[in-house]
Amino acid sequence: MHIDFEAELNPEQYEAVTTMDGPVLIIAGAGSGKTRVITYRMAYMLEKGVPQSAILALTFTNKAAREMAERVKSLTRRKLQNLTVSTFHAFGVKILRKEIERLGWRENFSIYDESDRNQLIKDCARELGFKLETFDVQAAGKVFSDVKTRRVAWTGEDAYEKVYREYEASLKAFNSVDFDDLIVKPIEVFERFPEARAAWREHYRYVMIDEFQDTSHIQYELMRHLSDDNVCAVGDDDQSIYSWRGANYENIVRFEKDWPHVREIKLERNYRSTGTILEAANAVIANNSNRKEKALWSPTGIEGAPIQLFRPEDEVAEGEFIARSIKEQKLKERLAYSDFGVLIRTNALTRWVEEGLLAENVPYKVTGGTSFFQRKEIKDIISYLRVIANPEDDVNFIRIVNVPRRGIGRRTLERLGELAKERGLSLHKTAELVRANPSMELPEKARGDLEEFLELVESFRSEMLGRRNLAAKVRALLEAIDYRAWLVTDNLHNEKAAKWKLLNVESLVNGIDVWEKDPDNHDPTLFAWLNRISLITRDDMDDEEDSGKVNLMTVHAAKGLEFEIVFIAGCEDGIMPHARSLEEGEGNLEEERRLFYVAVTRARRRLHISSAMRRRRNAMPVDCVPSPFLAEIPEKLVTWYEGEGDLAPDDAEDFFAKMNSMFPGEAKEEE
DNA sequence: TTTTCTATCAGCAAC
DNA sequence: TGATAGAAAA
């Protein structure tokens, strides 16, 4: 299959795609066809005879990775089973599954998410005699992460340091790693075992990094270990919105230092938005100081409708307005519900928008927030499977040892914990020891209950380590622990909740079923499944029946997406920019502005911004001031909506026809 | 010793 | 709004 690269790309894109060898830095403004460049670049390499297994592309979300792989496949019409397109974290897992034994972990390690981690930190602090009321787990977690990712060092008199040591020792004892470890541990492997590094480095001769502005210090390190000279970073400093997660857009500067002969290519043509939206976005972001100069421009010359501002009475009115406006525009312009995106700063704000949409019968889906896998009932089941896969995993052991109730309460666990501590063993190992040695003191009843639990784990462990019928075995497990009955007793006063939770559990098991029956899945083991779901997010779940619905999500979750019509709700001072974010540091106003910029540039055709006059906070209505960012939009680009009349201003030009005629190839382009 | 009930507190973004 | 710690009840 031959691709006419020159015809399907603009000159800058073409240059970016065909510069295969040597370091390349692509500064890709919002909507400039970033994904297109990356996918075409991979296709180009393949066409030039680079073997697929030599290409590594790293992205930030599973969704982006999957879509990218799909597009390369459809572009080249090849199956490409050995092409590696993956998130940083998933790639870290891939390395660790091969190499972690070098560091003293076993291959069946567990991955702790944030709540697992916080639980462990709490246990460690308690263990060391800290009063839990005065011990800030969140703060400790942040410091731990900073230390682990080498952003700060201990001062030597830090109260957290001891807890950190305990935490690290516990992780190792439990054969577990946390999220940061997924990046840090591979680096450690590469530093300590140069032969391992050489092997990986040789394997991937072409490395590409997407969303480079959001790479953290350690991700950059990992990339450096892996890349020789053929490295290509694609990013946009104006869209760096993850500094709280360690992202550091100064990596762009470091890249230029580390590869001085870098070829730098700027993509500023925007194929997405109207001139009005671009002008507004440019004007807003120009208020940031520390950035690479660039301005988006539209090759179409379509001015488009003005940006519509609205100040609803309160959050309820805001939700109503959004719902009505969506209905009206959909009808008038024959759009689909999925053409609409409603963006908010915090997940808590979704509620009011949801109520508005519900009241007007507008179908919607919420992306992000507490993911499916964070739900209690789902975590329970996953905890069981984690313990079955890795019995040393104390955090998950504790979580489920008494769910459903089996008489193993606090006292028994405390006692078991003491015994484990004395011997330096995991709880599971200790429990086995207790079973074998009647001399070890424990009340008879507790002993029996514990034994029963051990047997349960063991019988399922031997069952599930096979490579067949995982879903059926999970169903059997659910039966064995009678999880259904537990859901009923645990939700006595809320039958609906119990039913809903049961449905969730069922859909989890169905998910396993689908996954293990996928012909492309070459490793249908319990370990593989656990590794996968540890890294999965809500946006990986959608596709099923979610097309044709309005998209409701946070601005963070919207990065990389685009919608015909965008609403930015809750555009008030204190929310956008978020007060809490500003408290944290000086530079955060600029990051909040970038966040707003990202929100604005999601819109192709029309943008609505609302800022409530009053909003309830903790049940008390509070007067609100519009976001200062609104004043940064040139006045000539906006109109005010007064709360009645036409909700959908006309922009008579036929946007689509014009847009499509301007460009060859697919016009609908994600970033 | 375990389970159930009640009061209190904190709530930004997510791999 | 939910999680969680501590008190009361079983």
Side-chain angles (χ1 to χ4, degrees), chain A residues 58-65 86-93 111-115 117-119 122 126 131-133 136-138 142 145 149 178-183 211 214-216 218-219 240-247 343-351 367-371 373-376 379 401-415 442-446 449 489-490 492-493 497 532-540 553-559 570 574-584 588 591-592 594-596 598-599 616-619:
Chain A
L58 295 172
T59 64
F60 269 77
T61 63
N62 295 293
K63 192 182 183 189
S86 152
T87 64
F88 265 101
H89 288 85
F91 189 63
V93 173
I111 301 166
Y112 281 7
D113 67 13
E114 190 164 312
S115 66
R117 188 194 67 168
N118 287 345
Q119 193 58 51
K122 202 185 275 179
R126 192 189 287 120
K131 284 264 166 293
L132 284 178
E133 308 91 73
D136 186 340
V137 176
Q138 298 276 89
K142 193 173 181 317
S145 176
T149 60
D178 63 22
F179 265 121
D180 289 328
D181 283 326
L182 296 180
I183 312 296
E211 306 282 10
D214 286 328
T215 47
S216 63
I218 47 167
Q219 285 167 331
S240 172
I241 54 175
Y242 282 101
S243 72
W244 46 273
R245 210 171 70 188
L343 311 185
I344 63 269
R345 173 69 233 261
T346 72
N347 280 306
L349 296 178
T350 56
R351 192 174 150 207
T367 315
T370 25
S371 105
F373 294 96
Q374 314 271 33
R375 291 184 189 160
K376 202 155 154 279
K379 285 213 78 171
V401 71
N402 205 30
V403 176
R405 302 264 127 91
R406 48 172 76 84
I408 304 172
R410 203 185 58 210
R411 192 57 253 242
T412 308
L413 267 180
E414 260 170 31
R415 182 75 192 116
L442 209 67
E444 262 326 295
K445 187 186 152 299
D449 293 334
T489 48
D490 197 38
L492 267 187
H493 311 292
R532 180 172 156 274
I533 56 104
S534 303
L535 301 170
I536 233 165
T537 47
R538 176 78 174 258
D539 61 76
D540 297 303
M553 63 183 82
T554 65
V555 182
H556 283 92
K559 195 169 73 153
I575 293 180
M576 187 112 142
H578 201 283
R580 229 185 188 73
S581 161
L582 298 187
E583 280 165 24
E584 274 167 20
N588 285 1
E591 173 138 330
E592 293 288 313
R594 289 194 291 272
L595 202 48
F596 184 66
V598 168
R616 247 172 296 201
R617 291 187 77 138
N618 292 334

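Scope of the values below: all heavy atoms of this structure, side chains included, with no hydrogens, waters or symmetry mates. All chains are named by letter (A, B, ...) in the order of the sequence lines, taking the proteins before the strands, and each is independently numbered beginning at 1.
- Counting non-hydrogen atoms under 4.0 angstrom, A/Arg580 reaches a base of the nucleic acid.
- Regarding contacts with the backbone of B/dA13, a side-chain N or O of A/Asn347 is found under 4.0 angstrom from either OP1 or OP2.
- At a threshold of 4.0 angstrom between heavy atoms, the contacts of A/Thr412 are confined to the sugar-phosphate backbone, with no base atom among them.
- If you take CG of A/Leu343 and C1' of B/dC12, they are 16 Å apart, rounded to a whole angstrom.
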Test salt bridge (Lys or Arg N to Asp or Glu O under 4.0 Å) on A/Arg580 and A/Glu583 and set out the steps.
CA-CA 5 Å; A/Arg580 229 185 188 73; A/Glu583 280 165 24; 5.2 Å; no

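- By the 5.5 angstrom centroid cut-off and the 30-degree plane limit, A/His578 is classified as stacked against the base of B/dC12.
- Separating the CZ atom of A/Arg406 from the P atom of B/dT1 is a distance of 20 Å, rounded to the nearest angstrom.
- The residue A/Ser581 sits close to a base: some heavy atom pair falls under 4.0 Å.
- The CZ atom of A/Arg415 sits 15.5 Å away from the CD1 atom of A/Ile408 when rounded to the nearest 0.5 Å.
- Put simply, CG on A/Asn118 is 13 Å from C1' on B/dA14, counting in whole angstrom units.
- Within 4.0 Å (heavy atoms only), A/Arg345 reaches at least one base atom of the nucleic acid.
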Are any protein N/O atoms closer than 3.5 Å to N/O atoms in nucleotides 3-10 of chain C? If there are, list each pair with its distance.
| unit_1 | atom_1 | unit_2 | atom_2 | d |
| --- | --- | --- | --- | --- |
| C/dA5 | OP1 | A/Lys122 | NZ | 3.4 |

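- When the C1' atom of B/dA13 is taken as reference, atom CG of A/Asp214 falls 12 Å away, rounded to whole Å.
- Checking side-chain atoms of A/Asp178 against main-chain N and O of A/Asp181 turns up a donor-acceptor pair under 3.5 Å.
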Any chance you could lay out the side chain to side chain contact (heavy atoms under 4.5 Å, CB included) test for A/Val555 and A/Met576, step after step, and finish with the verdict?
CA-CA 10 Å; A/Val555 182; A/Met576 187 112 142; 4.2 Å; yes

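- A straight line from NZ of A/Lys142 to P of B/dC12 spans 14 Å, rounded to a whole angstrom.
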Do A/Asn588 and A/Trp244 pass the side chain to side chain contact (heavy atoms under 4.5 Å, CB included) test, and can you show the C-alpha distance, the side-chain angles, and the key distance before you say yes or no?
CA-CA 10 Å; A/Asn588 285 1; A/Trp244 46 273; over 6 Å; no

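- The side-chain contact (heavy atoms from CB on, under 4.5 Å) check on A/Asn118 picks up A/Glu114, A/Ile121, A/Val137, A/Gln138, with sequence neighbours excluded.
- Remark: A/Asn588 is not in phosphate contact with B/dA13, judged by side-chain N or O atoms under 4.0 Å from OP1 or OP2.
- Taking the side chain of A/Arg411 as heavy atoms from C-beta on, and the options B/dC15, B/dT1, B/dT4, the nearest nucleotide is B/dT1.
- Residue-level contact check: A/Phe88 touches neither bases nor backbone, having no heavy atom under 4.0 Å from any strand.
- In this structure, A/His89 places its NE2 atom 10 Å from C1' of B/dA14, rounding to the nearest Å.
- Between the side-chain ring of A/Phe179 and the base of B/dC15, a stacking contact exists by the 5.5 Å and 30° definition.
- Within 4.0 Å (heavy atoms only), A/Asp113 reaches no atom of the nucleic acid at all.
- B/dA14 has no stacking from A/Tyr242 on its base ring, since the centres under 5.5 angstrom apart and planes within 30 degrees of parallel are not both found.
- Take A/Asn402 and apply the side chain to side chain donor-acceptor pair (under 3.5 Å) test, not counting sequence neighbours, and it matches no residue.
- Each of A/Thr87 and A/Ile408 has a nearest nucleotide on DNA chain B; the 5'-most of these lies closest to A/Ile408.
- Residues A/Thr412 and A/Lys445 are not in side-chain contact: their nearest non-hydrogen atoms beyond the backbone lie 4.5 Å or more apart.
- One can place CD1 of A/Ile533 at 14 Å from P of B/dC15, the figure rounded to the nearest angstrom.
- In this structure, A/Arg245 places its CZ atom 9 Å from P of B/dA14, rounding to the nearest Å.
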